[in-house]
Structure formats: C-alpha cells, structure tokens
A.B. asks: 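Got a structure for you, written out below as structure tokens; questions coming shortly.
As the structure is a prediction and not an experimental result, all values here were calculated from the model. When a ligand or atom number is given, it counts from 1 through the structure's own listing order. The basis for the numbers below is simple: all heavy atoms, side chains too, and nothing from hydrogens, waters or symmetry mates.
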Amino acid sequence: MSADTLSTEARSKKFGAQEADGIVRCDACPVLCRIRPGRSGACSRYANDNGHLVRTDPVVLLHDAAESGRKLVPFGAAEWDGRVLDPSRTFVTGIGAGTTYPDYKPAPFIVASEHEGVETVTVVTEGIFSYCGVKVKIDTDRHLGPERAAIRVNGEEVGHVTTAEYGSQMLSVGGVRHLTGGSKKEGTVTCDTLLRLCAGDPVTMTIEGGHEVVVQAGHAPIVDGTPEQRMRVGCGSATVGIFARQWLGHADEV
Ligand code: SF4
C-alpha cells in the first residue's frame, strides 16, 4: 500500500466528495451531510478540515494506549478452559431462594464474599415474575401493525408493537401492567404467552389495526397464514455499502 493511500488527501477523496465553497459531502452514511469548512457533520464523527473529510476521533490502538499509560480494562487474563463459570467463585442465581423483591419478609439468604480486598454482601431473592417481559424480534419487512398497537392472544392484551429495529418488527410482550395490572385472565394469558415464547412454542398473536402473526423462535413468522420467505438483511446501508460484492450472485438484487 503506498503511503499516499493513507494520507488525509487520499482518504478524503475516497470517502468524501469536494463541492463548491470548500464544502465536503460525507458519504460515510446515507445522511450524506454537506459539511462546511471547520464544521462537523450531523453525527459529529466526521468534519471538514480545510476541505478534507476527517474523523473527529483518532482510531484507538491498544498498544499505543498501553505505551502512553492510558487506562485499560484487562480482559482474557487467563486462557479460557471451556467452563461457563469460574469454579473458584460461588455463583448465586437466586432461583429457589424462596422470596421475592419487593417483599415484606427479609431476604432468606445473604452471601458474603470478597472482591479485590473489599468485603461485599449479596442479598439473594428470587426475581419477581410480574416484572418480566419478552422483546420479540420478528424478521419480516411486512407491516404488522402500527407502533403502540395492542397485541392480543386469545383476546387478551399481552403487549404492544414497539419501535422497529434494523428492519425487523419488534413486539414488547409482558410486563407488570398485563401480568398483574389487568384481569386475572389477562395475567394468566400473558404469563402463558411468555412461557410458550421462551420454550420455543408457536404463539398466535393478533395486532390491533394490523395482522395476525404466528411467532416461534427459530422459525419464519407466519403473517395472515403466509409463512415469510424473505426479508431485508440488517441495516440497509451497511449491507449495501460494505457487503455488496459478497452479495453479488447470491442475492436477487444488489
Ligand atoms: S451523519 Fe455523520 S457519517 Fe453520516 S453523512 Fe453526516 S457526517 Fe457523515
């Protein structure tokens, strides 16, 4: 690689387009900011330095940080032997502790331990189920229902449609309002829905003002009786901008 490919000028040409009046158009993301000299783009990550597109933060190199004495967080201090937990430490889960939080009874177990020379105590209680919920990511481009629309299972409201993420439709299911705040039937159906989703069983949900969808972990969603076949993969700009060559020949359209 020639030294010039790494120069500010060369990188600016590659990643930004120079326009009139010293403006540089950043093409690092689809926002395509037109950045005036001495200013930064909408995200503050890129700036116009005298007509050149530059990053506002330097790339962090671990060995440079170590040599200059900057703070580092150690990781991988020892080879991983394949065990999930460090056998020298007692891992307390709280399952079976026999009480809940918040509660009027004191915690039945208090575990003492030492962490970096500091004595600590862990108060052990069981997690309260009425606060539990599940966020469901549904891999479909299809509109399932308006954001905030109620989701019903067997006619009971068990959650709502929440903000889509990376092209996937997202549902929020459970939570205290449905588990204990409504009727007994609503709580029971919500609890059953959470358990079935987490066990990998199919659950049929109806979205108000939207569609019926059968959701099952590890399986394509079934929307109004039609199993989903395709979806947009992840973040569109990343897919197109970074992986276009890899997709060529494998995807219907690139
Ligand atoms: S938002 Fe940031 S990355 Fe995107 S075009 Fe503007 S300056 Fe570039």
A.B. asks: Could you verify whether a donor N or O on one side chain and an acceptor N or O on the other, from Thr120 and Ser113, lie under 3.5 Å apart?
C.D. replies: yes

A.B. asks: What atoms in ligand 1 come closer than 4.0 Å to a heavy atom of Arg45?
C.D. replies: 3 (S)

A.B. asks: Measure the spacing between CG of Asp141 and OG of Ser168 and express it to the nearest 0.5 Å.
C.D. replies: 8.5 Å

A.B. asks: When you check the gap from the basic side-chain N to the acidic O, do Glu19 and Arg34 get nearer than 4.0 Å?
C.D. replies: yes

A.B. asks: For atom 4 (Fe) of ligand 1, find the nearest protein heavy atom and state the residue, atom name and distance (0.1 Å precision).
C.D. replies: Cys29 SG, 2.4 Å

A.B. asks: Could you tell me whether Glu156 and Lys184 make a salt bridge, using a distance below 4.0 angstrom between a side-chain N and a carboxylate O?
C.D. replies: no

A.B. asks: Hey, which atoms in ligand 1 end up nearer than 4.0 Å to a heavy atom of Gly41?
C.D. replies: 7 (S)

A.B. asks: Confirm or rule out an N/O/S atom of Cys33, from backbone or side chain, lying less than 2.8 Å from atom 6 (Fe) of ligand 1.
C.D. replies: yes

A.B. asks: Please list the nearest protein heavy atom to atom 8 (Fe) of ligand 1 with its residue and the distance rounded to 0.1 Å.
C.D. replies: Cys26 SG, 2.3 Å

A.B. asks: Write down the atom of Gln169, the atom of Leu144, and the distance for their closest heavy-atom approach.
C.D. replies: CB-CD1, 3.6 Å

A.B. asks: Identify, by atom number and element, the atoms of ligand 1 in contact range of Cys43, meaning under 4.0 Å from any of its heavy atoms.
C.D. replies: 1 (S), 2 (Fe), 3 (S), 7 (S)

